[in-house]
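Keep in mind it's a predicted model, so treat the numbers as computed, not measured. Order of the sequence lines sets the chain letters (A, B, ...), proteins ahead of strands, with each chain counted from 1.
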Amino acid sequence: SQQGEEDPQALSIQEGENATMNCSYKTSINNLQWYRQNSGRGLVHLILIRSNEREKHSGRLRVTLDTSKKSSSLLITASRAADTASYFCATDARGGADGLTFGKGTHLIIQP
Amino acid sequence: DSGVTQTPKHLITATGQRVTLRCSPRSGDLSVYWYQQSLDQGLQFLIQYYNGEERAKGNILERFSAQQFPDLHSELNLSSLELGDSALYFCASSAQGFGNTIYFGEGSWLTVV
């Protein structure tokens, strides 16, 4: 079952602009993670935010989590061409029986 | 480089056949996960092993099976292959179970013809 749903499905912006992607999920979670995938490659872990955290930063990445709305956002500031990739949120539902569940991803294109 | 190694990288086989995908987790990681990624289904969790024991099961078909060996490497066996099994199969590992960062391999591309 698809727990997380990213929005938008695709996003195209100019280099240097900020990119914001959103993720909504359905059930209570232990934590939420964001991953990046370059075309046909493995997923690269970006950041993990626990259910008791509201915001987390890592370099040009900023992740927020609103458990009351069951949503998260990933902000990439000062985007670069190399940020072009698909971005997935993944949730670790309480109980963990369903594994780490991924959304369908947001495809981000950074125009040089 | 995540430290997770998967072989083979690419595999083309005929319907009805059986294949085995192999995964070596990051050094020291006890948990191994298998995921299937296809265009229509997205990333689907198949199964998780922890220190040799099955820990969690997802959308894994009965034609598929997996195991984790004492040296912690894992194999995913896919049998009676169908065209719809064509996908990218990922192995991932983590130090413990879910709740920790999971590191993905580069995947094994399976094409069933």
Requested in this report: Tell me whether B:Leu46 is reachable from B:Trp109 by hopping between hydrophobic residues (I, L, V, M, F, W, Y) whose side-chain heavy atoms are closer than 4.5 Å.
Outcome: no
Query raised in the report: A:Leu61, A:Ile13: one ILVMFWY side-chain cluster at the under-4.5 Å cut-off?
Result: yes
Report task. Flag the pair B:Phe104 / A:Phe88 as yes when their ring centroid distance falls below 6.0 Å, and as no otherwise. Result -> no
**Report entry** Linked, directly or transitively: A:Leu11 and A:Ile76 (ILVMFWY side chains, under 4.5 Å)
**Finding:** yes
Report summary line: Cut-off 4.5 Å, heavy atoms of chain A, and the answer for B:Gln6 is neither
Query raised in the report: If you round to the nearest 0.5 Å, how far is CG of B:Asp40 from NZ of A:Lys104?
Result: 7.0 Å
Report task. Using ring pair (Phe, Tyr, Trp, His ring centres under 6.0 Å) as the criterion, list what pairs up with B:Tyr49, not counting sequence neighbours. Result -> none
Query raised in the report: Of B:Tyr35, B:Phe45, B:Tyr33, which is the lone residue that meets side chain to side chain contact (heavy atoms under 4.5 Å, CB included) with A:Leu100?
Result: B:Tyr35
Requested in this report: May I ask you to list the residues sharing a hydrophobic cluster with B:Val4, side-chain cutoff 4.5 Å, ordered by chain and number?
Outcome: B:Tyr103
Query raised in the report: Less than 4.5 Å apart, any side-chain heavy atom of A:Leu43 and any of B:Phe90?
Result: yes
Query raised in the report: Considering all heavy atoms of both residues, which atom of A:Gln33 and which atom of B:Ile102 are nearest to each other, and what is their separation?
Result: OE1-N, 4.1 Å
